[in-house]
A.B. asks: 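Just passing along the structure, written as structure tokens.
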Number of protein chains: 2
Amino acid sequence: MTEPVDDEGKIPRPESASPGSRHPTAPEAEKTTTQAVTSPTSAPAKRNAFTELMAPKPKAPISQAPQSMASKASQIVRGVWRGALIEYIEHPERFPDKVLRVTPNTVLIKDAFPKATIHLLLLPRSPAHYLLHPHSAFADPAFLAMMREEAAVGAQLAAAELARKLGPSSASNRARDEAMGKGGVPFDELPAGRDYAAEIRVGTHAHPSMAHLHVHIISRDMHSERARHKKHYNSFVTPFFVPLADYPLVEDDVRRETGFQNGNLKKELVCWRCGQNFGARFAELKKHLEVEFEAWRAE
Amino acid sequence: MTEPVDDEGKIPRPESASPGSRHPTAPEAEKTTTQAVTSPTSAPAKRNAFTELMAPKPKAPISQAPQSMASKASQIVRGVWRGALIEYIEHPERFPDKVLRVTPNTVLIKDAFPKATIHLLLLPRSPAHYLLHPHSAFADPAFLAMMREEAAVGAQLAAAELARKLGPSSASNRARDEAMGKGGVPFDELPAGRDYAAEIRVGTHAHPSMAHLHVHIISRDMHSERARHKKHYNSFVTPFFVPLADYPLVEDDVRRETGFQNGNLKKELVCWRCGQNFGARFAELKKHLEVEFEAWRAE
DNA sequence: TATTCCGATAGTGAC
DNA sequence: GTCACTATCGGAATGAG
Ligand SMILES: Nc1ncnc2c1ncn2[C@@H]1O[C@H](COP(=O)(O)O)[C@@H](O)[C@H]1O
Ligand SMILES: Nc1ncnc2c1ncn2[C@@H]1O[C@H](COP(=O)(O)O)[C@@H](O)[C@H]1O
Ligand SMILES: [Zn+2]
Ligand SMILES: [Zn+2]
């Protein structure tokens, strides 16, 4: 009963860690595979379609945690809930329903408890980085650049899937379709279809709970049965959510301060779309988000 | 189901207001009657044992509410919960199990929802005063003096009853009894018995809910099934409780400030006896108060 | 800063 | 992080001869 009810595939559970999976080293090949976010006919990815990431280039890591320590920490979190994401990193082929894309550097998955219509996680596979705090990990420019590149791909996938889910309701798309139907309108002058990518946000939580570094790729609607309490909501609509574009954070960025972030999570509930304040009345916010969702999807 | 389960007598209910009780004037005699707080053999007071209070001396009332307004307010609050105490004032004879003492100026009753082992209320009978806020009413020196005198009597009754309830457990009393038993000890040199009056506190709530002026006469233990939430507790152990001895309050006394008093009611729970902080964990405080009560009663 | 009922919210432990 | 359980908190009603 600990698995989500609204999705089809299995997710890693603490006791599922296999004894043979303890040495995430020695990659043999590099290959990238991408699947549609939801493809009714897509066959599960074959096991040999995945490979592992070589340890990062010997350029001096900025992290405070040397790889030996990271390995030790990796052992510590393995098998407990905080370490559940390692399974996607080391064994993406085991979760064909969850894994959208695998590269030597990253795994892109569907969040098992999505807090919005689209909610993906981008996981780096480098053991030298994947146990670092995001603020530390993204102080490494090369690593940050790599993650930004992959996050952009993920955001495009997310936007495409959002379009698929919302498309028929979109007013801007309807306008475009009508114009196209009339014919005779130069392509450049067609009304633009809806910019779904603009509805996708990419970033981290200032204080992640899951041990392995992950970047949230999430639609902004916060319309999900899995968004169940204030902390869920505020972790995405307040500065607790740190856009990937804002990295690296300057040394005195207020978002590094624990007190500031605890305050963000306890803030009163404010509609992300219209700014209405619901105080602590989460149920009322949820009802309101239903209405906002319908308006937003029809934009 | 709206009446307390832990006491025997009936209490006023809104619908019990009788049509003939609307003119609390024209006293015919002055008589004072006092009953033991609990006297197993005491017969209910006879109806004619009670009389009503003459309107106060024509000396200028300090109140902002002239008697005509007070009368109107009296009409307004009659019949709703905020006005329930008027029944004791006008018809003390109807509540023989609740009324302990009746004078021309006051009625002393047992609180129907006692927040401690002993919890009495002293009610003034003067319509010119009984709807005033305590801070206003006790700006009248003569009225304050009268109430202090009666409160002192009430506190003595409360102390006596507390002695009756706790006496057998008291270490100081045991010491005194032993010394007396030995004989030959001059009366002056006997160990003092426990000073129960010192365990009784007398004062008001800074923002009363019951409309008619009342002074709480309460033992300090806060050991009662009826003390059920933070507001109950903090209204007696923080500066929200204003000792009668502190009146009249100076104009800029912080205790007049609503914000200050709201803060007091929301304060974290702190044991009145040992200072231990229980945060918001009321159930734990209650458990702790059980232990403290046994230690306190054995002092 | 009345009591009572009741549902929403918040905090806790998870072997 | 989720889940299940419980405690705490917060609003509404309280009346109707
Ligand atoms: N077993 C899992 N598989 C996939 N996603 C998960 C799993 N457990 C938790 N999550 C998600 O991981 C994210 C961790 O959030 P955070 O650590 O606050 O950045 C949340 O959005 C969870 O819904
Ligand atoms: N019907 C009643 N009869 C006697 N005491 C009452 C009644 N209703 C409330 N009380 C008490 O009156 C007090 C009013 O407290 P407050 O207005 O806060 O000073 C509380 O201690 C209540 O327990
Ligand atoms: Zn809104
Ligand atoms: Zn204590």
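All chains are named by letter (A, B, ...) in the order of the sequence lines, taking the proteins before the strands, and each is independently numbered beginning at 1.
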A.B. asks: Please check the phosphate of dA2(C) (OP1 and OP2 only) for any side-chain N or O of K231(B) closer than 4.0 Å.
C.D. replies: yes
A.B. asks: Residues of residues 238-254 of chain B with any non-hydrogen atom less than 4.0 angstrom from an atom of DNA chain D: list those, numerically ordered, please.
C.D. replies: none
A.B. asks: List for me each residue that meets ring pair (Phe, Tyr, Trp, His ring centres under 6.0 Å) alongside H288(A), sequence neighbours excluded, and say none if there are none.
C.D. replies: F278(A)
A.B. asks: Return the nearest nucleotide to the side chain of H232(B); candidates are dG1(D), dA2(C), dT2(D).
C.D. replies: dA2(C)
A.B. asks: Check each of S126(B), S136(B), P134(B) against L213(B) using the side-chain contact (heavy atoms from CB on, under 4.5 Å) test, and report the only one that passes.
C.D. replies: P134(B)
A.B. asks: Among residues at least two apart in sequence or on other chains, which ones pass side chain to side chain contact (heavy atoms under 4.5 Å, CB included) with V254(B)?
C.D. replies: E257(B), F260(B)
A.B. asks: What is the distance, to the nearest angstrom, from the CZ atom on R226(B) to the C1' atom on dT3(C)?
C.D. replies: 8 Å
A.B. asks: Show me the dot-bracket string of DNA chain D, counting Watson-Crick or G-U pairs under 3.5 Å, with | for pairs to another strand and [ ] for crossing ones.
C.D. replies: .|||||||||||||...
A.B. asks: Not counting sequence neighbours, which residues clear side chain to side chain contact (heavy atoms under 4.5 Å, CB included) with V237(B)? List them please.
C.D. replies: M222(B), Y233(B), N234(B), W272(B)
A.B. asks: Go through the structure and list residues passing salt bridge (Lys or Arg N to Asp or Glu O under 4.0 Å) with R201(A), not counting sequence neighbours.
C.D. replies: none
A.B. asks: NZ of K10(B) versus C1' of dT3(C): gap in Å, rounded?
C.D. replies: 19 Å
A.B. asks: In whole angstrom, give me the gap between the C1' atoms of dT4(C) and dG17(D).
C.D. replies: 25 Å
A.B. asks: Does a side-chain N or O from H229(A) land closer than 4.0 Å to OP1 or OP2 of dA8(C), or not?
C.D. replies: no
A.B. asks: Stacking check: are the rings of F113(B) and dA2(C) less than 5.5 Å apart at their centres and under 30 degrees in tilt?
C.D. replies: no
A.B. asks: Residues in ring pair (Phe, Tyr, Trp, His ring centres under 6.0 Å) with H135(A), at least two apart?
C.D. replies: H133(A), Y247(A)
A.B. asks: List the residues meeting side chain to side chain contact (heavy atoms under 4.5 Å, CB included) with S209(A), not counting sequence neighbours, and say none if there are none.
C.D. replies: W81(A)
A.B. asks: Sequence neighbours left out, what passes ring pair (Phe, Tyr, Trp, His ring centres under 6.0 Å) with F240(A)? Give chain and number order.
C.D. replies: H205(A)
A.B. asks: Of all residues at least two apart in sequence or in a different chain, which pass the side chain to side chain contact (heavy atoms under 4.5 Å, CB included) check with K231(B)?
C.D. replies: H229(B), L265(B)
A.B. asks: Taking only heavy atoms on the protein side, list every residue of residues 259-284 of chain B lying under 4.0 Å from any atom of DNA chain C, sorted numerically.
C.D. replies: N262(B), L265(B)
A.B. asks: Write down the distance between CD1 (I109(B)) and C1' (dA2(C)), rounded to a whole number of angstrom.
C.D. replies: 12 Å
A.B. asks: Taking only side-chain N and O atoms of R228(A), does any of them lie within less than 4.0 angstrom of OP1 or OP2 on dA4(D)?
C.D. replies: no
A.B. asks: Rounding to a whole Å, what distance do you find between Y233(A):OH and dT9(C):P?
C.D. replies: 14 Å
A.B. asks: Could you state the atom-to-atom distance from NZ of K110(A) to C1' of dG1(D) in whole Å?
C.D. replies: 19 Å
A.B. asks: Take the protein atom CZ of R82(A) and the nucleotide atom P of dC3(D), then report the distance between them rounded to whole Å.
C.D. replies: 18 Å
A.B. asks: Between E90(A) and R78(A), does at least one N-O distance fall below 4.0 Å, as a salt bridge requires?
C.D. replies: yes
A.B. asks: Nearest whole Å is fine: how far is dT2(D) C1' from L85(A) CG?
C.D. replies: 13 Å
A.B. asks: Strictly by modelled atom types, are H129(B) and D140(B) linked by a side-chain donor-acceptor pair under 3.5 Å?
C.D. replies: yes
A.B. asks: Give a yes/no on whether any side-chain N or O of K286(B) is located under 4.0 angstrom from OP1 or OP2 of dT8(D).
C.D. replies: no
A.B. asks: Identify, with sequence neighbours excluded, every residue that meets ring pair (Phe, Tyr, Trp, His ring centres under 6.0 Å) alongside Y88(A).
C.D. replies: F95(A)
A.B. asks: Take atom CH2 of W81(A) and atom C1' of dA4(D), then tell me their distance rounded to the nearest Å.
C.D. replies: 16 Å
A.B. asks: Does OP1 or OP2 of dT8(D) have a side-chain N or O of K230(B) closer than 4.0 Å?
C.D. replies: no
A.B. asks: Using OP1 and OP2 only, check whether a side-chain N or O of H212(B) sits under 4.0 Å from dA2(C).
C.D. replies: no
